[in-house]
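Each remark here refers to the structure printed beneath this line.
The first residue in the sequence is number 1, and the count goes up from there. Each ligand, and each atom within it, is numbered from 1 in the order the structure gives. Only a predicted model underlies this, so the values are computations on that prediction, with no experimental measurement involved.
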Amino acid sequence: MEKIKMTTPLVEMDGDEMTRILWQMIKEELILSYVDLKTEYYDLGLENRNATDDQVTVDSANATLKYKVAVKCATITPNAARMQEYQLKEMWKSPNGTIRAILDGTVFRAPILVKGIVPYVRNWIKPITIARHAYGDVYKNTEIKVPGPGKAELVYTAEDGTQIREPIHQFDGPGILQGIHNTEKSIKSFARSCFSYAADTKQDLWFSTKDTISKKYDHTFKDIFQEIYDAEYKETFEKLGIEYFYTLIDDAVARVIRSQGGFIWACKNYDGDVMSDMVATAYGDLSMMTSVLVSPSGAYEYEAAHGTVQRHYYKHLKGEETSTNSIATIFAWTGALKKRGELDGNRELSAFAEKMERACVKTVEDGKMTKSLSLISTCEHPVILNSLDFIRAIRDTFETLGA
Ligand code: NAP
Ligand code: MG
């Protein structure tokens, strides 16, 4: 059989631990026999990040701006324990944080739905996609542990030296302080990424903040979204028959739980972080959650929402069998190949990726799955497979599917 040709490379970002093992298996078993794969490879494994002083992460993000499509493996975000384990020169920053800062993108997370894995919220029959603003707020904060009595103020100094000064609190004892910011530019990018993605996927867009309490900070998010919607997207949305809907975050939470799904919920950075974990868990499993970073310049970086599955990796190193679910990592590959196909007008490549996704879903629906899925599946006699056999079962399903 002739392999599918590619005209433009994908940016391939390799990663760490168990997902690095799955990465290799997925390429060998599911992609390389069918696609004449062209990638520009960046090794974001922690050892190589350390060896290159993390330059490799920056390079991979810049390559993504150039080629527009990337696929990323999960990576370790160093902490004190990892400093020791990998003898690191420095506590390198989260690669996802670095990549997000360079692409100035928004992260969209959506669950993969399969029959037999019933969401905890029974009325959720369609996926809910969470769009998380990926810049600023508490993720770029400055904090002070206040030692004792004193005055705290918020001060802004303009380039000409004039100042705006607001009292925060008069401390009469020890306490804590936090300074956070965001930029109009980033909020605008966030809004445009959300409206474009909603139009792209023909889904309603919901947006929520705490604007009743935060009358300047959160309210600015609300205003910017409305201005950009009215000026740039209203017509498109009306033509597509989709809706933009703003509500207070408390109200949004209640409505989301009562909904059937099938929309995008845009959240500020922290809300998106927390809500995406809740939504993922309620749909069944973090290992069935996809993630794509969309930049306003039209670059896309696909990955699984879960981490490097460290516990399974240590079992693997001891020579024990693992049953790690590779579906979200496979969907990162298929998402990237589909987008590459779409951008290059390469229909064969997109069709291949779509068929591989159907093979993943059908394999699980046929009762073949990994251990964690079997625990939440309503399938009566699931066949529990190890990491490699599960990928091979997907390949077998793929081979039986028509075009
Ligand atoms: P994790 O890798 O997501 O795994 C947490 C637990 O969830 C696992 O121990 C496993 O549970 C279950 N799980 C997650 N993915 C699974 C899969 N595909 N198949 C089966 N079970 C799965 O989170 P973590 O252990 O907190 O983090 C490990 C490393 O990943 C950390 O160094 C962290 O920095 C990194 N991380 C990276 C990213 C990213 O690159 N985007 C995101 C999050 C975390 P059981 O052990 O009970 O089977
Ligand atoms: Mg989180």
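- Checked against the 6.0 Å centroid criterion, the rings of Tyr233 and Tyr244 do not qualify as a close aromatic pair.
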Could you give the side-chain donor-acceptor pairs of residues 329-337 under 3.5 Å, partners two or more places apart or in another chain?
residue: Thr334; atom: OG1; partner: Ile330; partner atom: O; Å: 3.3
residue: Thr334; atom: OG1; partner: Phe331; partner atom: O; Å: 3.2
residue: Thr334; atom: OG1; partner: Glu357; partner atom: OE2; Å: 2.7

Please report, to 0.1 Å, the donor-acceptor pairs under 3.5 Å made by any side chain of residues 98-108, with sequence neighbours excluded.
residue: Thr98; atom: OG1; partner: Ser94; partner atom: O; Å: 3.3
residue: Asp104; atom: OD2; partner: Ser189; partner atom: OG; Å: 3.0

Please tabulate, one pair per line, all N/O donor-acceptor pairs under 3.5 Å involving side-chain atoms of residues 297-304, not counting sequence neighbours.
residue: Ser297; atom: OG; partner: Ser295; partner atom: OG; Å: 2.8
residue: Glu303; atom: OE1; partner: Asn96; partner atom: ND2; Å: 3.1
residue: Glu303; atom: OE2; partner: Asn96; partner atom: ND2; Å: 2.8

Mind listing the N or O contacts between ligand 1 and protein, cut-off under 3.5 Å?
residue: ligand 1; atom: 2 (O); partner: Gly307; partner atom: N; Å: 3.4
residue: ligand 1; atom: 2 (O); partner: Thr308; partner atom: N; Å: 3.1
residue: ligand 1; atom: 2 (O); partner: Val309; partner atom: N; Å: 2.7
residue: ligand 1; atom: 3 (O); partner: Gly307; partner atom: N; Å: 2.8
residue: ligand 1; atom: 18 (N); partner: His306; partner atom: NE2; Å: 3.3
residue: ligand 1; atom: 18 (N); partner: Asn325; partner atom: O; Å: 2.8
residue: ligand 1; atom: 19 (N); partner: Asn325; partner atom: N; Å: 2.9
residue: ligand 1; atom: 30 (O); partner: Thr308; partner atom: N; Å: 3.0
residue: ligand 1; atom: 30 (O); partner: Thr308; partner atom: OG1; Å: 3.2
residue: ligand 1; atom: 32 (O); partner: Arg82; partner atom: NH2; Å: 3.0
residue: ligand 1; atom: 34 (O); partner: Thr77; partner atom: N; Å: 3.0
residue: ligand 1; atom: 40 (O); partner: Lys72; partner atom: NZ; Å: 3.4
residue: ligand 1; atom: 40 (O); partner: Thr75; partner atom: N; Å: 3.0
residue: ligand 1; atom: 40 (O); partner: Thr75; partner atom: O; Å: 3.4
residue: ligand 1; atom: 40 (O); partner: Thr75; partner atom: OG1; Å: 3.4
residue: ligand 1; atom: 41 (N); partner: Glu303; partner atom: OE1; Å: 3.3
residue: ligand 1; atom: 46 (O); partner: Arg311; partner atom: NE; Å: 2.4
residue: ligand 1; atom: 46 (O); partner: Arg311; partner atom: NH2; Å: 3.0
residue: ligand 1; atom: 48 (O); partner: Arg311; partner atom: NH2; Å: 3.2
residue: ligand 1; atom: 48 (O); partner: His312; partner atom: NE2; Å: 2.7

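- Remark: of the listed residues Tyr139, Phe190, Trp265, Phe190 is the sole one forming a ring-ring contact (aromatic ring centres under 6.0 Å, His included) with His133.
- No side-chain donor from either of Thr308 and Asp16 sits under 3.5 Å from a side-chain acceptor of the other.
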